[in-house]
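Just below is one structure, and these are the notes that go with it.
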2 protein chains.
Amino acid sequence: MTAPPVSDQLGLRRANLALLLGTLRAHGPHSRAGLARRTGLTKATASSLVAELTGRGLVRLGEVAPGHGRPAQLVELRPGAVCGIGLEANVDYAALAVLDVAGGTIAQRRVAVDLAGAGYDRAVDLLAALAKEGLAATDGWVAGITVAVPGLVDVDHGVVRLAPNLGWREARLAEDLAGRLAGRPVLVDNDANLSALAEHAAGVAAGTPDLLYLTGEVGVGGGVIAGGALLRGATGFTGEVGHLPLDPVGLPCGCGRRGCWETQVGLAALLREVAPPGDPVADPATDLETRLLLVRDRAAAGDARTLAALDRIGTDLGVGASILVNVLNPAAVVLGGYFALLGEWLAPPARAELAARVLAPDCGGCRLLLSDLGFTAAVLGGAHAALDRVFADPTLAPTDDSDPDPDPRSPQ
Amino acid sequence: MTAPPVSDQLGLRRANLALLLGTLRAHGPHSRAGLARRTGLTKATASSLVAELTGRGLVRLGEVAPGHGRPAQLVELRPGAVCGIGLEANVDYAALAVLDVAGGTIAQRRVAVDLAGAGYDRAVDLLAALAKEGLAATDGWVAGITVAVPGLVDVDHGVVRLAPNLGWREARLAEDLAGRLAGRPVLVDNDANLSALAEHAAGVAAGTPDLLYLTGEVGVGGGVIAGGALLRGATGFTGEVGHLPLDPVGLPCGCGRRGCWETQVGLAALLREVAPPGDPVADPATDLETRLLLVRDRAAAGDARTLAALDRIGTDLGVGASILVNVLNPAAVVLGGYFALLGEWLAPPARAELAARVLAPDCGGCRLLLSDLGFTAAVLGGAHAALDRVFADPTLAPTDDSDPDPDPRSPQ
DNA sequence: GGGCTTAGTTGGGGCGTTAAACTAAGTCCG
DNA sequence: CGGACTTAGTTTAACGCCCCAACTAAGCCC
């Protein structure tokens with residue numbers, strides 16, 4: 001998603017196209033004169049750039065805005081023409097999302113399937129089939145395809161280093177998927193990273209350049225946006241927050257230690273505390289979402305045991321989050337996964353802990369928010385990641401005068 | 001230090017000048033043809049850019065490197081002509097460093113003075129006097145002046161929000177100092193941030209784009225470089241690592257809780273554990289550095305009590321660091337302050353904890369290093385921060401043909 | 001000493017932005 | 001109702017920067 005270097009005039013043009021496109025994304029429709037004012041370019045240049053963006057299908061002329069002088073024709077991101085595709089490979093489901101540059105949803109689907117049991121090759125086949133479904137859903141141009149994977153991913157090489165829950169190891173997923181999709185550019189990234197990206201692009205914290213995404217699943221996942229970009233670290237393994245050592249005498253964790261954060265606030269902890277033995281909520285045979293909704297219903301009904309458990313978990317959530325907020329100073333912490341589903345009860349005690357434990361005045365300006373993207377955050381983030389390629393370099397999108405646009409820089 | 005936006009040809013020129021300058025800083029002297037090859041520019045452009053950089057005093061033609069064909073004239077960063085000034089305001093001393101673009105030290109000095117007791121206005125006077133000393137030490141052009149302050153700093157406005165040890169609050173330091181220095185551009189930043197910058201620019205981890213700097217002082221300070229840039233967070237309060245809650249039943253901390261990291265590994269913990277009551281090491285009347293050297297001598301001599309204390313502190317250092325490494329995935333953790341001074345004994349147990357607790361394979365590629373910048377890291381980082389202005393925009397440096405260079409963008 | 005190789009310069013041309021004048025299309029107000 | 005005013009957007013010429021290609025420069029190899 002990092003912008004290509006600017007060194008020659010084509011690079012300058014590219015940078016200015018990206019500047020306009022980014023302005024439209026961040027601040028909504030503008031007249032050409034308005035774009036010129038905001039970006040510091042001249043009206044002539046803005047007009048020329050808008051003409052090119054129109055030719056590439058990225059923007060269109062929309063409604064007319066009257067003013068004191070001649071009415072302005074607003075330029076806006078064009079829905080439907082240029083899309084990004086997100087895929088998600090998870091333990092018991094696969095998902096697809098197709099978004100256009102305007103942020104509109106072209107297609108979205110989730111398939112229940114035992115990807116972990118299917119084996120790598122059949123999983124790739126299934127992802128390829130989903131991708132083709134996405135490709136068929138749009139007659140526009142597809143900027144790229146991004147796969148969200150729960151595990152450690154080498155983004156630069158598109159390799160899944162280790163995804164324990166899927167049983168994948170050193171899987172050359174980008175390559176294998178591109179091979180089944182006529183060489184289209186395929187990116188691979190961690191699901192929490194992509195979820196953070198989705199919150200940054202479109203969620204409750206849209207536009208916030210510094211945010212921390214925390215998702216409650218079997219473990220606890222973390223994704224960090226810092227300075228408007230994903231924090232990736234030296235080898236792409238940032239956001240390993242599940243094993244914050246919070247209680248030296250706590251419960252044993254899969255990592256071999258005791259009292260890790262995810263033993264306190266992970267899904268297992270929730271189900272254990274919320275349900276007495278024999279309770280249907282604790283029955284692994286029942287669908288997980290059904291059980292979580294049951295928990296929510298009980299909380300809403302005021303069930304004492306449930307409320308006490310959620311209060312305790314919310315408190316521990318806040319303790320762990322405060323550590324991260326002290327280190328990262330985000331403007332927002334966004335809760336996803338089951339944290340969001342039960343956020344109504346988790347957030348108040350978590351906010352109290354944050355307020356008490358964050359050293360910066362006024363909590364460093366940090367707000368605790370609940371994601372409204374639900375369990376689709378990762379796949380939406382994938383689609384956004386694909387679109388970000390075009391926002392960084394609009395010349396990737398082909399021009400409509402059937403010019404195949406011999407772009408000098410090879411894809412992927 | 002973020003690069004100015006590129007939108008017109010002057011911006012393009014600026015970006016290319018910066019590209020060449022950055023190449024010379026990162027990879028040492030090059031011929032003009034070599035610069036062209038490495039950057040992708042043409043030889044003609046590289047020659048033109050080098051001519052301009054020479055005119056601005058940033059580079060010079062150095063030795064001749066023979067090869068197969070015509071010998072190359074190497075272009076190198078020019079010592080002495082363009083400088084950055086770093087200042088440091090600390091509780092019991094103030095410091096000055098003047099560096100040139102080639103990384104050479106033009107001047108460096110430390111003054112023992114009770115800044116906390118002096119009051120803000122006299123402290124600013126003293127800093128201004130030090131800065132003038134630095135200005136007098138060079139006949140070159142000064143890119144800027146950066147002040148390192150132990151506290152919470154609003155970098156954008158040059159305001160010290162809160163520096164408890166100095167007794168400063170909402171101090172408009174950049175403004176006040178610039179007023180005493182003929183309006184020269186003054187930046188203000190947190191000392192740990194600037195120390196991290198110094199390690200990134202010139203220390204044992206030079207060039208590492210992702211590093212974590214940890215300094216042992218009264219508290220524990222942290223500075224994070226991520227993706228080659230300082231991590232600042234939403235309101236500039238990143239790196240508050242001293243109060244990681246590591247031991248719920250530990251010693252009480254000034255923050256009101258128990259078992260914070262700095263109660264385990266801060267200076268007070270070291271002195272307490274290392275010295276029996278009545279020991280000169282624990283005597284607050286003695287100079288701190290003297291006492292620390294005494295501790296080092298005892299450790300070197302194999303004193304059992306000292307070694308046991310250092311082993312315990314090193315272990316706790318590693319426990320806390322592992323949390324940060326799991327979140328940030330840096331390529332290096334650099335220890336500064338007293339951690340570096342006693343690193344010989346602290347590092348081995350700390351490395352063992354890191355290896356055991358970091359989840360990414362091979363510790364995420366992270367190495368634990370000891371700073372060799374000593375207690376000058378912050379002031380050196382300040383000088384580098386000032387120089388970074390020129391590396392980001394070489395047109396800030398005036399041309400030698402006495403052209404006052406009416407730069408469109410105002411300083412500060 | 002001639003050929004080869006690589007460094008660096010020169011001149012012409014293309015491209016993108018700028019500046020300024022101009023046209024376009026409304027509102028405001030007497 | 002119509003002219004002045006205001007703002008949007010286009011046109012044209014000019015300029016700056018980089019690229020390309022040809023050329024000169026200066027050493028090494030045989």
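Reminder, nothing fancy here: chain letters follow the sequence lines and each chain counts from 1. All values below were derived from every heavy atom in this structure, side-chain atoms included, with hydrogens, water molecules and symmetry-related copies excluded.
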*Could you note down all residue pairs passing side chain to side chain donor-acceptor pair (under 3.5 Å) where residues 197-208 of chain A supplies at least one of them, sequence neighbours left out?*
A/Glu199-A/Ser371

*Not counting sequence neighbours, which residues clear side chain to side chain contact (heavy atoms under 4.5 Å, CB included) with A/Leu21? List them please.*
A/Leu53, A/Leu58, A/Val59, A/Leu77, A/Phe391, A/Pro394

_The criterion is side chain to side chain contact (heavy atoms under 4.5 Å, CB included); which residues satisfy it with A/Arg172, sequence neighbours excluded?_
A/Val159, A/Glu175, A/Asp176

*Among D/dC18, D/dT11, C/dT5, find the nucleotide with the atom closest to the side chain of B/His68.*
C/dT5

*In whole Å, what is the span from the CD atom of A/Gln73 to the P atom of D/dT7?*
19 Å

_Counting only side-chain heavy atoms from C-beta out, which of C/dT17, C/dG8, D/dC18 sits nearest to A/Asp8?_
D/dC18

*Contact class for B/Ser48 (heavy atom, under 4.0 Å): base, sugar-phosphate, or nothing?*
nothing

*asked:* For the OG1 atom of A/Thr146 and the CZ atom of A/Arg389, what is their distance to the nearest 0.5 Å?
replied: 8.5 Å

*To the nearest Å, give me how far apart CG (B/Leu12) and P (C/dT17) are.*
10 Å

*Any A/Thr45 side-chain nitrogen or oxygen under 4.0 Å from OP1 or OP2 of C/dT18*: yes

*Could you check which residues of residues 32-42 of chain A get a heavy atom under 4.0 Å from DNA chain D? Sort them by number, please.*
A/Arg32, A/Ala33, A/Arg37

*Which comes earlier along DNA chain C counting from the 5' end, the contact point of A/Ala44 or that of B/Ala44, where each point is its nearest nucleotide?*
B/Ala44

Show each protein N/O and nucleotides 12-15 of chain C N/O combination with a separation under 3.5 Å, one pair to a line.
{"from": "C/dG14", "atom 1": "N2", "to": "A/Gln9", "atom 2": "NE2", "distance (Å)": "2.8"}

_Suppose we screen for salt bridge (charged side-chain N to carboxylate O under 4.0 Å, His left out). Which residues come up paired with A/Arg78, at least two apart in sequence or across chains?_
none

*How long is the line joining CG of A/Leu49 and C1' of C/dT18, in whole Å?*
13 Å

*In chain order, what residues pass the salt bridge (charged side-chain N to carboxylate O under 4.0 Å, His left out) check against A/Arg13, with sequence neighbours excluded?*
A/Glu52

*What's the CG-P distance between A/Leu61 and D/dA8, to the nearest Å?*
15 Å

*Check whether any side-chain N or O of B/Asn16 sits under 4.0 Å from OP1 or OP2 of D/dC18, and answer yes or no.*
yes

*asked:* Which residues pass the salt bridge (charged side-chain N to carboxylate O under 4.0 Å, His left out) test with A/Arg38, not counting sequence neighbours?
replied: none

*With sequence neighbours excluded, what pairs up with B/Arg60 under the salt bridge (charged side-chain N to carboxylate O under 4.0 Å, His left out) test?*
B/Glu76

_Using OP1 and OP2 only, check whether a side-chain N or O of B/Ser31 sits under 4.0 Å from C/dG8._
yes

*Using side chain to side chain contact (heavy atoms under 4.5 Å, CB included) as the criterion, list what pairs up with B/Asn16, not counting sequence neighbours.*
A/Ser7, B/Leu12, B/Leu19, B/Leu41, B/Leu49

*Nearest whole angstrom, please: distance from the P of D/dC18 to the NZ of B/Lys43.*
17 Å

*asked:* Check this for me: A/His27, atom NE2, are more than 12 non-hydrogen atoms of other residues, nucleotides or ligands nearer than 6.0 Å?
replied: yes

_Residues which pass side chain to side chain contact (heavy atoms under 4.5 Å, CB included) with A/Ala33, listed by chain and number, not counting sequence neighbours_ = A/Ser31, A/Arg37, A/Lys43

_In whole Å, I'd like the distance from the CG atom of A/Leu74 to the P atom of D/dT7._
16 Å

*Please check if any side-chain donor atom of A/Thr42 sits under 3.5 Å from a side-chain acceptor atom of A/Thr45, or the reverse.*
yes

*asked:* Mind checking if A/Ala46 touches a base, just sugar-phosphate, or nothing, with heavy atoms under 4.0 Å?
replied: nothing

Under 3.5 Å, N/O pairs linking protein and nucleotides 24-26 of chain D:
{"from": "D/dA25", "atom 1": "O4'", "to": "B/Arg70", "atom 2": "NH1", "distance (Å)": "3.4"}
{"from": "D/dA25", "atom 1": "N3", "to": "B/Arg70", "atom 2": "NH1", "distance (Å)": "3.4"}

